[in-house]
Asks: 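Below: one structure in structure tokens.
Lettering follows sequence order; numbering is per chain, from 1.
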Amino acid sequence: MVSTGRLNDMTVKKSFDLRVYEAVSQIPSGQVATYGQIAELIGAYGCARQIGWSLKRLCLPSTIPWHRVINAKGEVSMSISREGTDWVQIDLLKREGVFIDQELKIQLRRYLWKPDLFKDSE
DNA sequence: GACTTGACATGGA
DNA sequence: CTCCATGCCAAGT
């Protein structure tokens, strides 16, 4: 809910993170979603990078299935900055039954989450 | 306060 | 399919 009243910067940022977390929480086990999907879902199309930042802030005390968020290439985003949490993500996905090949490629065709939002509108 | 980087996406070559 | 350029926004320097 975006109120018309003016909010502090912290509040705005916080709400953004919260929206990200809520969207991510909706991803069912055994499925994955892309950063772009999440961004579009919270009404921030094109802001995929911010999704990554939001998740980075959270990560550790995660009741959120952050590991189900991957990039559009169908691969877990690997980065030295993550201190190996990327590999943890891969492990978690595998435990949920998501098959990942040697190239770290995931079949989006098969595991990509389909939000209820659109359904059969088209 | 400007410049560079980064857990990204999309479209054209 | 891969590589390059552009857009987006926040954080670090």
Side-chain angles (χ1 to χ4, degrees):
Chain A
M1 213 49 147
V2 183
S3 304
T4 50
R6 61 181 86 110
L7 305 163
N8 298 334
D9 298 348
M10 284 287 279
T11 310
V12 175
K13 192 156 65 175
K14 185 178 179 183
S15 66
F16 183 87
D17 288 353
L18 277 172
R19 271 176 275 181
V20 173
Y21 303 152
E22 286 193 314
V24 173
S25 299
Q26 290 170 50
I27 308 173
S29 177
Q31 288 191 298
V32 297
T34 67
Y35 296 94
Q37 264 189 310
I38 302 300
E40 190 173 13
L41 211 67
I42 66 176
Y45 176 78
C47 305
R49 296 194 122 147
Q50 271 43 43
I51 308 299
W53 271 104
S54 296
L55 293 180
K56 186 171 184 138
R57 293 199 188 96
L58 172 80
C59 228
L60 244 62
S62 63
T63 52
I64 315 286
W66 54 275
H67 54 276
R68 292 177 194 151
V69 185
I70 62 176
N71 58 29
K73 294 190 286 281
E75 186 174 285
V76 173
S77 296
M78 307 289 290
S79 201
I80 187 66
S81 319
R82 297 184 60 184
E83 303 274 317
T85 56
D86 35 23
W87 290 101
V88 176
Q89 177 174 6
I90 292 173
D91 188 59
L92 286 168
L93 285 174
K94 284 183 175 178
R95 292 191 187 193
E96 292 191 348
V98 178
F99 176 74
I100 305 176
D101 60 30
Q102 287 277 310
E103 298 286 320
L104 287 318
K105 287 284 188 180
I106 298 173
Q107 297 283 73
L108 287 180
R109 183 74 192 224
R110 184 175 167 181
Y111 298 107
L112 187 62
W113 174 46
K114 198 76 166 86
D116 308 327
L117 193 59
F118 296 99
K119 279 197 172 179
D120 298 274
S121 300
E122 296 186 328

Asks: Find the distance between CG (A:N71) and CD1 (A:I106) and round it off to the nearest 0.5 Å.
Replies: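 Spacing of CG (A:N71) from CD1 (A:I106) equals 8.5 Å.
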
Asks: Taking the nucleotide of DNA chain C with the closest heavy atom to each, which residue, A:A48 or A:W53, is nearer the 5' end?
Replies: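 It is A:A48, whose closest nucleotide lies nearer the 5' terminus.
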
Asks: Nearest whole angstrom, please: distance from the C1' of C:dA11 to the CZ of A:R82.
Replies: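 Distance check: A:R82 CZ to C:dA11 C1' gives 17 Å.
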
Asks: Checking A:R95 now: which residues fulfil salt bridge (Lys or Arg N to Asp or Glu O under 4.0 Å) with it, not counting sequence neighbours?
Replies: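 Residues passing salt bridge (Lys or Arg N to Asp or Glu O under 4.0 Å) with A:R95: A:D91.
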
Asks: Check side-chain hydrogen bond (donor to acceptor under 3.5 Å, both in side chains) between A:D86 and all other residues, then give those that pass, not counting sequence neighbours.
Replies: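 A:D86 satisfies side-chain hydrogen bond (donor to acceptor under 3.5 Å, both in side chains) with no other residue.
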
Asks: Tell me which residues in residues 92-103 of chain A put a heavy atom below 4.0 Å from DNA chain B, sorted by number, or none.
Replies: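 Within residues 92-103 of chain A, no residue comes under 4.0 Å of DNA chain B.
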
Asks: Is there a path from A:L58 to A:L92 through hydrophobic residues (I, L, V, M, F, W, Y) whose side chains come within less than 4.5 Å of each other?
Replies: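 A:L58 and A:L92: one cluster.
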
Asks: Nearest whole angstrom, please: distance from the P of C:dA10 to the CD1 of A:I42.
Replies: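 That distance rounds to 11 Å.
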
Asks: Show which residues join A:W53 in its hydrophobic cluster (side-chain heavy-atom contacts under 4.5 Å, direct or indirect), or state none.
Replies: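 Traced through the cluster, A:W53 reaches no other member.
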
Asks: Identify every side-chain donor-acceptor pair in residues 97-105 of chain A under 3.5 Å, counting partners at least two apart or on other chains, and give the distances.
Replies:
unit_1: A:D101; atom_1: OD1; unit_2: A:E103; atom_2: N; d: 2.8
unit_1: A:D101; atom_1: OD1; unit_2: A:L104; atom_2: N; d: 3.1
unit_1: A:D101; atom_1: OD1; unit_2: A:K105; atom_2: N; d: 2.8

Asks: Please produce a list of atom pairs where a protein N or O lies less than 3.5 Å from an N or O of nucleotides 3-5 of chain C.
Replies:
none

Asks: Using the side-chain hydrogen bond (donor to acceptor under 3.5 Å, both in side chains) criterion, which residues pair with A:R49? Sequence neighbours excluded.
Replies: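 A:R49: no side-chain hydrogen bond (donor to acceptor under 3.5 Å, both in side chains) contacts found.
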
Asks: So, taking the atom named CD1 in A:I51 and the one named CD1 in A:I42, what distance separates them when rounded to the nearest 0.5 Å?
Replies: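 Separation between the atoms: 4.0 Å.
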
Asks: Please tabulate, for the side chains in residues 22-39 of chain A, all donor-acceptor contacts under 3.5 angstrom to protein atoms that are two or more places apart in sequence or on a different chain.
Replies:
unit_1: A:S25; atom_1: OG; unit_2: A:Y21; atom_2: O; d: 2.6
unit_1: A:Q26; atom_1: NE2; unit_2: A:E22; atom_2: O; d: 3.3
unit_1: A:T34; atom_1: OG1; unit_2: A:Q37; atom_2: N; d: 3.1
unit_1: A:Q37; atom_1: OE1; unit_2: A:T34; atom_2: N; d: 3.2
unit_1: A:Q37; atom_1: NE2; unit_2: A:W113; atom_2: O; d: 3.0

Asks: Once you round it to whole Å, what is the distance between P of C:dA10 and CZ of A:F16?
Replies: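 From A:F16 CZ to C:dA10 P: 8 Å.
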
Asks: I need the NZ-P distance between A:K56 and C:dA11, as an integer number of Å.
Replies: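 In whole Å, C:dA11 P and A:K56 NZ are 12 Å from each other.
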
Asks: Should A:I64 and A:V20 be marked as a side chain to side chain contact (heavy atoms under 4.5 Å, CB included) after you check the CA-CA gap, both sets of side-chain angles, and the distance that decides it?
Replies: CA-CA 10 Å; A:I64 315 286; A:V20 173; over 6 Å; no

Asks: Does anything in residues 27-38 of chain A reach DNA chain B, meaning a heavy atom under 4.0 Å, and if so which residues?
Replies: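 Residues of residues 27-38 of chain A that come under 4.0 Å of DNA chain B are, in numerical order, A:T34, A:Y35, A:G36.
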
Asks: Expressed in angstrom and rounded to an integer, what is the separation of A:L55 atom CG from C:dA11 atom C1'?
Replies: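 Distance check: A:L55 CG to C:dA11 C1' gives 16 Å.
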
Asks: Using side-chain hydrogen bond (donor to acceptor under 3.5 Å, both in side chains) as the criterion, list what pairs up with A:Q89, not counting sequence neighbours.
Replies: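 For A:Q89 the side-chain hydrogen bond (donor to acceptor under 3.5 Å, both in side chains) partners, ignoring immediate neighbours, are A:R82.
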
Asks: To the nearest Å, give me how far apart OH (A:Y45) and P (C:dT6) are.
Replies: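 It works out to 18 Å between those atoms.
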
Asks: Following the transitive rule for hydrophobic clusters with a side-chain heavy-atom cut-off under 4.5 Å over Ile, Leu, Val, Met, Phe, Trp and Tyr, establish whether A:I90 and A:L112 coincide in one cluster.
Replies: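 Hydrophobic grouping puts A:I90 with A:L112.
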
Asks: Given that A:K105 and A:R49 both sit by DNA chain C, which one's nearest nucleotide is further toward the 5' end?
Replies: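 The answer here is A:K105.
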
Asks: Going 5' to 3' along DNA chain B, which nucleotides are the first and last within contact of chain A (any atom under 4.0 Å from a heavy atom)?
Replies: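 Span of nucleotides near chain A: B:dG6 to B:dT10.
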
Asks: With sequence neighbours excluded, what pairs up with A:E96 under the salt bridge (Lys or Arg N to Asp or Glu O under 4.0 Å) test?
Replies: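 Salt bridge (Lys or Arg N to Asp or Glu O under 4.0 Å) list for A:E96, sorted by chain: A:R68.
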
